[in-house]
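Scope of the values below: all heavy atoms of this structure, side chains included, with no hydrogens, waters or symmetry mates.
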Amino acid sequence: MAALRAAGVLERMAARVGREAADVLRDDGMSAEAVATALGTTRSQALVLLLTARDR
């Protein structure tokens with residue numbers, strides 16, 4: 001049970017840090033292409049991260 005709780009805490013921490021990082025990148029004017037390359041993901045997934053950060 002403790003391992004499951006710890007996994008939940010880690011998941012929430014990772015999500016929060018990811019949102020904060022996307023917010024900083026958006027403020028710096030980094031393009032979705034550059035974010036995608038840095039994260040090893042697609043442009044559309046990076047764009048979702050940046051747009052979500054903007055809506056916060």
Side-chain angles (χ1 to χ4, degrees):
M1 191 65 140
L4 188 56
R5 272 185 252 153
V9 169
L10 288 174
E11 184 179 12
R12 287 188 298 277
M13 287 173 58
R16 185 181 69 236
V17 169
R19 285 190 304 270
E20 290 174 7
D23 195 32
V24 169
L25 293 174
R26 180 191 50 81
D27 288 345
D28 286 347
M30 186 172 256
S31 71
E33 290 83 5
V35 173
T37 300
L39 294 177
T41 189
T42 65
R43 180 190 178 281
S44 62
Q45 288 176 329
L47 190 55
V48 168
L49 286 173
L50 293 172
L51 291 174
T52 302
R54 183 176 65 185
D55 290 340
R56 279 188 353 148

Can you name the side-chain contact (heavy atoms from CB on, under 4.5 Å) partners of V17, sequence neighbours left out?
-> none
Any idea which heavy atoms bring A46 and A32 closest together, and the distance?
-> CB-O, 3.4 Å
Which residues share a side-chain contact (heavy atoms from CB on, under 4.5 Å) with A34, sequence neighbours left out | M30, S31
Which residue pairs satisfy the salt bridge (Lys or Arg N to Asp or Glu O under 4.0 Å) criterion with at least one member in residues 30-53, sequence neighbours excluded?
-> E33-R43
Go through the structure and list residues passing side-chain hydrogen bond (donor to acceptor under 3.5 Å, both in side chains) with T41, not counting sequence neighbours.
-> Q45
